[in-house]
Amino acid sequence: DLTPVETAPVEIGILGGSGFYAFLDDVTEVTVDTPYGAPSDSLFIGDLDGRRVAFLPRHGRGHHLPPHRINYRANLWALRSLGAQQILGPCAVGGLRPEYGPGTLVVPDQLVDRTSGRVQTFYDGVPREDGRIPEVVHVSFADPYCPVGRQAALAGARASGWEPVDGGTLVVIEGPRFSTRAESRWYSAQGWSVVGMTGHPEAVLARELGLCYTSINLVTDLDAGVETGEGVTHEEVLAVFAQNVGRLRTVLFDVVKGLPAARDCICSHALDGLETGLDL
Ligand code: ADE
């Protein structure tokens, strides 16, 4: 059911965020179609230290897809169809605490969904383009991120001399607008750490396919409720991301090297004993 390609299977998938359009230099570009439509762009397959990696820019190469228009299901399905079992999801976020200023790297361990209207499941009972009808499946999502991937991300960041924030809550808003000061103050008052626009439904869709997912958040700004100036601008987000994308890429090299070849985490067992109807 999954579309094979003429290359060895991929192990690791990376979904690049704003301003992150290339991961490895020596890559094979493949186009992948899925039963959910087209992913954000071609996928770029390359080798890093003997690990086969597929990179997909989640907003498309020219950043033409706003967060609410991304076909998250197609993106996750495409990576999985190439063989990816572990997904790294770097993304730009706003800081919800004064000490999480631009340039802070956060590896969250929790997520709050404040999106609306996004398709957030493969198991919606709707027949797919290929005629397959998914079963009703309720995955566990108490701990939304892969515990093993998180440790690899923290170790990879430290190896590059970037002291990461270990844990915290990523709140995902619908966007594409930034938050009002009142919304932002509310998020901070809840004790949430960072705010972004793409972390949901990416993580849950990965879990629904039994994939590991690790969220890696680069703070590009202090969100409106925390800073005292004019509020966040898109230019600011892109500029800070651009300043940090080089070292983020270096961190990801170390993270990829630190990911285990064999999995035995909660994610790898997410579908144990479940009938999905999707030939996973
Ligand atoms: N991405 C980067 N900065 C952000 C912010 N302040 N709010 C939501 N998403 C963001």
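Just so you know, ligand 1 is whichever comes first in the structure, and atom 1 is the first atom listed for that ligand.
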Show, in sequence, the C-alpha distance, side-chain angles and deciding distance for D143 and R150, and conclude whether the salt bridge (charged side-chain N to carboxylate O under 4.0 Å, His left out) test is met. CA-CA 11 Å; D143 295 301; R150 286 194 66 258; over 6 Å; no
Which parts of the protein, at residue level, reach under 4.0 Å of ligand 1 through a heavy atom? A92, V93, G94, I173, F178, V195, G196, M197, T220, D221, D223, V232, V237
Take a 6.0 Å sphere around CG of D26 and say whether it holds more than 12 heavy atoms from other residues, nucleotides or ligands. no
Around atom CZ of R69, are there more than 12 heavy atoms of other residues, nucleotides or ligands at under 6.0 Å?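 Counting neighbours around CZ of R69, 12 or fewer heavy atoms of other residues, nucleotides or ligands fall under 6.0 Å, so no.
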Please identify each residue that fulfils ring pair (Phe, Tyr, Trp, His ring centres under 6.0 Å) with [X], with sequence neighbours left out.
X	answer
Y145	none
F253	F23
Y187	W192

